[in-house]
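Here is how names work: the chains are called A, B, and so on, in the same order as the sequence lines, proteins then strands, and each is numbered from 1. If you're wondering where the values come from, they're calculated on a predicted model, not measured in any experiment.
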Amino acid sequence: MTQIRLTLPDQSVREVPAGTTGREVAAMIGPGLAKAALAARVGGVIWDLDRPIGEDASFAILTDRDPDSLELLRHSTAHILATAVRELFPGAGIGFGPPIEDGFYYDFDVPRPFTPEDLEAIERKMDEVVGRDYAFQREVVDRAEANRRFADDPLKLERISELGDDEVISVYTDGPFQDLCRGPHIPSTGRLKHFKLLHGAGAYWRGDERRQMLQRIYGTAWFKKEDLAAYLHRLEEARKRDHRRLGKELDLFVFHPSSPGSAFWTDRGTTIYREVNDYIRALQQQAGYQEIKTPLLYNKLLWERSGHWGKYRENMFLVLDNESGEHDFSLKPMNCPSHHLLFGMRKHSYRELPVRYATFDVLHRNELTGALAGLTRVRQFQQDDCHIYLRPDQIAGEVHALTQMILAVYATFGLTATLKFATRPPQRIGEDAMWDRAEADLRAALEATGLPYELKEGDGAFYGPKIDFDVSDSIGRKWQLGTIQLDYAAPERFDLGYVGEDNAEHRPVVIHRAMCGSFERFIAILIEHFAGAFPLWLSPEQVRVLPVTDQQDEAAARVVARLRAAGIRAALDAGNSTLNYRIREGEVGKVPYMAVVGQREADADTVAIRVRGAGNKQEVVPVAEFVARLAAQIGSRALDA
RNA sequence: GCCACUGUAGCUCAGUCGGUAGAGCACCGCAUUCGUAAUGCGGGGGUCAUCGGUUCGAAUCCGAUCAGUGGCUCCA
């Protein structure tokens, strides 16, 4: 019998007969490892434990400590889910069931949606399947055999028909259930210990709204009980800091059925909105941007020229023109066309470039009703939108400055960003030479930041390459926020030009740039990121002054007046409730500072400061010092309150 | 838009078998004058999302509409 050589992770080599399985190798190494083994990594690829190994390779055993094992577990859990569903709903068609971040899902073709009671019953049935400890068995079959086995399931047949002739068709069986699957899987269903089904949802077959609606079940699975508990706890935490909930609790914004998808901002919410806006405005003013305002309403002349009328009309709010009786006008869904119009309305010299138009105008997009969600998907919003018109030789310098500015903005909010560089897509306009230069310029600017970035080949816009900024918040969720896009198409479409040194007309390049993107969505992210406990400069109410008894009402009112005179948002809480009660209200309301004024403080012109979240570690300081300290903290937009 | 679920006081939520609506918080009043996370007592507040149907009778059952929530390829 031929021997093969397996190189273990410690670089030692083990000779075994060809055809030995991962399980057998694990047993040779040690009984403990054999017991813990979930799969084998053969030549870098994860294999089922019982799959025979035919040639020399690197070899490692996967246990529950291996990060890749979770994916394995979750995919197998999806199969166990399908096994249970097939027992309870014998005719169910089987869609896709991949592992996803933190869990898995599986899509089923069933005559009616799953109810919460169904999910409970399925979960109990899964417990049974786990108890029976079925082995996951892999078989390789030919196309005819695959078609025969899944003859009763059109979804699987469709998938089989798409497989190339050179692809291996494998089938996995656990007990009564078999599934077309690439694998690999855990050795048996009994290895699953800690899982939970989370919710059902409708999902189109292959994500295509023209195809039938399948019923998806989402779930999660973990190796350790504590991990499952921690995950469920994390879900609960995320729910607690949901901006829709906090927006209501902290009185920041509301929605009304009369204008679905558009927020009503209260005074407190508007304060946050304005602070974010003022901050961006100040940065842009320092960097030489021109803030402009352009109309909200345009007739279709503009939209035909920009191309929106053909491609984007379904997302635009059309407005009836009384004279023509036609819906020839639309609220603008984007700022770019109007900026190009303004730029094009007079001559520009090469000397004045780059021209940087910034705006905070209101935009409207007619999103599908089902897509609306809190502040993250709205129909009316404002952006920190900017279009920069420049000469090609200015691209590198400008992109460098933009990248620095965007990262500085995120740092101010305590957000960290990762960068993605997206290059020319297959469908594009412009010559290769233009793309060569554009990509080189963008990449050079990116390299100059010294930041790591991910290359997304072919993911650019059809009109130019771009840099996208993915931001992580305090609980590790990712949001795509900023973008820098080079655009060579718009200047052509809008026939933009500038007069060069040679006294001839030249085409500028346009850069589209957003940092926060939609303020609505950005503020939603901030609310969840800070869990409503905003840094001082963003807090709607920065200081709440509490007199101990009504004997100190006047002294407290004087403190409020002094704070306000220094531009600090201060409020007096002199209700007839107890001091304890008012302090609790301040803490629950996440006010960064409470300043208590009792007789001692009133006499000494001091306040007793209580910092949000710091308990009763109070500090007594002169009012003047308190004012100066807060003013400095606000002025620097410090992160901690 | 499509599938499912939800809609009861400002907020969070009870409401049994179809028999005429309730709690806590918030709000208002009175008392309390309080030193770092909820003082006590009393009071006002609801077209049970809207419209229609079934019924002697509907928050409850049925239908439609409106709105919200979870989803709608992280590819066997």
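Residue-to-nucleotide contacts include a donor-acceptor pair under 3.5 Å from the side chain of A:Y204 to the base of B:G1. Taking 3.5 Å as the limit, the base of B:U36 and the side chain of A:N580 contain no donor-acceptor pair of atoms between them. No donor-acceptor contact under 3.5 Å links the side chain of A:R206 to the base of B:U73. Side-chain N/O atoms of A:R610 and base N/O atoms of B:A37 include a donor-acceptor pair closer than 3.5 Å.
Regarding contacts with the backbone of B:U69, a side-chain N or O of A:R244 is found under 4.0 angstrom from either OP1 or OP2. OP1 or OP2 of B:U39 lies within a sub-4.0 Å distance of a side-chain N or O belonging to A:T578.
Of the nucleotides present, none pairs with B:U54 by Watson-Crick or G-U wobble criteria with both distances under 3.5 Å. Shown here, B:U60 forms no base pair; nothing in the strands shown gives a Watson-Crick or G-U wobble contact with both key distances under 3.5 Å. Across the strands present, B:C25 finds its partner in B:G10; the criterion is a Watson-Crick or G-U wobble pair with both atom distances under 3.5 angstrom. B:A4 and B:U69 make up a base pair, with Watson-Crick or G-U wobble contacts both under 3.5 Å. Nucleotide B:C30 has B:G40 as its partner under the Watson-Crick or G-U criteria, with both atom distances under 3.5 Å.
In this structure, A:M213 places its CE atom 9 Å from P of B:C2, rounding to the nearest Å. Protein atom CZ of A:R582 is 8 Å distant from nucleotide atom C1' of B:C34, rounded to whole Å. Rounded to an integer number of Å, the gap from CD of A:E601 to P of B:G35 is 12 Å. The CG-C1' distance, from A:N576 to B:U39, rounds to 10 Å in whole Å. The CG-P distance, from A:L546 to B:A37, rounds to 12 Å in whole Å. Separating the CD1 atom of A:I100 from the C1' atom of B:G71 is a distance of 11 Å, rounded to the nearest angstrom. In this structure, A:D109 atom CG and B:C72 atom P are separated by 18 Å, rounded to whole Å. For the pair A:E367 CD and B:G1 P, the interatomic distance rounds to 12 Å; values are reported in whole Å.
Under 4.0 Å is where a charged nitrogen must lie from a carboxylate oxygen, and between A:E162 and A:R206 at least one such pair does. Between A:R377 and A:E367, at least one side-chain nitrogen of the basic residue sits less than 4.0 Å from a carboxylate oxygen of the acidic one, meeting the salt-bridge criterion.
A:D470 and A:T418 share no side-chain donor-acceptor pair at under 3.5 Å. Using modelled atom types, one finds a donor on one side chain and an acceptor on the other under 3.5 Å when comparing A:D468 with A:T483. Side chains of A:D473 and A:W479: a donor-acceptor N/O pair is present below 3.5 angstrom, by distance only.
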Using nucleotides 6-14 of chain B, report all nitrogen or oxygen pairs with the protein that are shorter than 3.5 Å.
residue, atom, partner, partner atom, Å
B:U12, OP1, A:K248, NZ, 3.4

Quick one: which protein N/O atoms are closer than 3.5 Å to N/O atoms of nucleotides 26-29 of chain B? Pair and distance per line, please.
residue, atom, partner, partner atom, Å
B:A26, OP1, A:Y581, OH, 2.3

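Residue whose closest nucleotide on RNA chain B sits further toward the 5' end, between A:D550 and A:L214: A:L214.
Only one option out of A:R239, A:R234, A:K240 pairs with A:E237 in a salt bridge (charged side-chain N to carboxylate O under 4.0 Å, His left out); it is A:K240.
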